[in-house]
Colleague: 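Take this structure, written in structure tokens, and hold onto it; I'll ask about it next.
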Amino acid sequence: MPRTKATSPLSSGRSLPYTSSSLVHPGHSTHFAPAKLNRGIRSVALCKRLSIEELASSDRSFSEAGEGGVGGAGARDGEMASVEPSIVDPSLRDQLDIVIPTIRNLDFLEMWRPFFENYHLIIVQDGDPSKVINVPEGFDYELYNRNDINRILGPKASCISFKDSACRCFGYMVSKKKYIFTIDDDCFVAKDPTGKDINALEQHIKNLLTPSAPFFFNTLYDPYREGADFVRGYPFSLREGAPTAVSHGLWLNIPDYDAPTQLVKPAERNKRYVDAVMTIPKGTLFPMCGMNLAFNKDLIGPAMYFGLMGDGQPIGRYDDMWAGWCVKVICDHLGLGVKTGLPYIWHSKASNPFVNLKKEYKGIFWQEEIIPFFQQVVLPKEALTVEQCYLELSKHVGEKLSTIDPYFTKLSEAMVTWIEAWGELNAPDSKAADYKPSRSGTRTAK
């Protein structure tokens, strides 16, 4: 029987071929390839056998495969590239940046020192650029304030929100690393049920370096975790999975509630630790929270735009939601996976529900139309890169959502500006010297 071919691009410009089946794309013909079945069994076995130390790779991960990388010599035409890891530094310390938006001193980093001290931090200071933010000694960091953003981006700085945590996405733009972990400054180290400190970063890395299963739900959750597997009835032809683009973590203590829920449940705290990671199924949206989030910049970075929020905008606290809806639609289109669940952080502080209600008020009504829009939007098959997908999405936003409020016309234009700025800062010939931060620090030698 004939097979259809779709592609999932990487930043390198190469694409990941995979075989569509009626299980993945309804209406397409199915072809059960024995070679694909064998690879599915082999890749799962590798995930079980290898520790996180062996999953990591300096130049490729489970989202890449073969001698030529994804879609290279290791993949046959019309089949998903095999996923075989190489053995290197488990921490990804040279491949991962930690992005932190803030308006205050970063004393919270002392708690995270055992886990963060070997990584490079990108701090995006919101609000008054003349305020001096204290960063504890011994961390390797660069700090950008609004003056830096205006200097580096020029007129395109208009796409970066002011007086809102959405400014964090500037850090994504200037990062030169493959992976990004972003965390809020009121998020502390949580403890698991045994009382042990949770290394959230390590779990995010595990999530990103192992495949996702977006095309068919596994009732035992993440089949690539130790102690779990694919259940009876799960197609062997789909067990190889898909590259993981996003790892979405959760929170103990203060839940990520909207203002109305905060008002009716002011004392509610999340005390439940659920030891589970799952792939969000293809075709299903989710409310993404940016306070404990990691992603593969090479796979999905250009779509991680947190929109126009805060000062001068009619809406706030929907920055990460907006990014999550855009990211999920594009991941579904390109055959990428999004995981949610572990790791947990301890969310220490509840924001003011009355202030939140003022920020969220319009969004609470608008989302009843925005979500159906994202559920129904269809990207053209010619859109083969994240940038192409995002620009197509911006057109739909301008055409369909501007009837809700003129704000969406402005937002659709900002989406285009964001992609243009992203391209300039991430071009191979871009000069890093032109993007110097106003402050930086170096790691203390041990």
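Quick caveat, the model's predicted, so the values are computed rather than measured. Residue indices begin at 1 and follow the sequence shown.
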Colleague: Holding to side-chain contact (heavy atoms from CB on, under 4.5 Å), I want the full list of residues that pass it with Lys349, two or more places apart in sequence or in another chain.
Modeller: Arg104, Asp186

Colleague: Do Phe216 and Tyr234 have their ring centres less than 6.0 Å from each other?
Modeller: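 Yes: the rings meet the under 6.0 Å criterion.
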
Colleague: Kindly write out the residues that satisfy side-chain contact (heavy atoms from CB on, under 4.5 Å) with Asp320, not counting sequence neighbours, or none if the list is empty.
Modeller: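 In terms of side-chain contact (heavy atoms from CB on, under 4.5 Å), with neighbours along the sequence ignored, Asp320 is linked to Cys289, Phe306.
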
Colleague: Is it the case that the ring center of Phe181 lies less than 6.0 angstrom away from the ring center of Tyr119?
Modeller: no

Colleague: Should the heavy atoms of other residues, nucleotides or ligands under 6.0 Å from CZ of Phe108 be counted, would the total exceed 12?
Modeller: yes

Colleague: I'd like to know if the side chain of Trp418 and the backbone of Pro302 have a donor-acceptor N/O pair within less than 3.5 Å.
Modeller: yes

Colleague: State whether Arg168 and Asp184 are salt-bridged, where the test is any N-O pair (Lys NZ or Arg NE/NH1/NH2 against Asp/Glu carboxylate O) under 4.0 Å.
Modeller: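 Asp184 and Arg168: salt-bridged.
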
Colleague: Can you name the residues that form a side-chain contact (heavy atoms from CB on, under 4.5 Å) with Ile103, not counting sequence neighbours?
Modeller: Asp126

Colleague: Are the side chain of Asp197 and the backbone N or O of Val189 linked by a donor-acceptor pair below 3.5 Å?
Modeller: no

Colleague: Do side-chain atoms of Thr182 reach the backbone of Val99 as a donor and acceptor pair under 3.5 angstrom?
Modeller: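 Answer holds: yes.
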
Colleague: For the backbone of Thr385 and the side chain of Gln388, can you confirm whether one donor and one acceptor N or O come within less than 3.5 Å of each other?
Modeller: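 Side chain of Gln388 to backbone of Thr385: a pair is present.
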
Colleague: Could you tell me whether His204 and Tyr179 have their ring centroids closer than 6.0 angstrom?
Modeller: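 No, they do not, as the ring centres are separated by 6.0 Å or more.
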
Colleague: Do the side chains of Glu413 and Lys410 get close enough for a salt bridge, i.e. N-O under 4.0 angstrom?
Modeller: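 Not counted as a salt bridge, because no side-chain N and carboxylate O are separated by less than 4.0 Å.
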
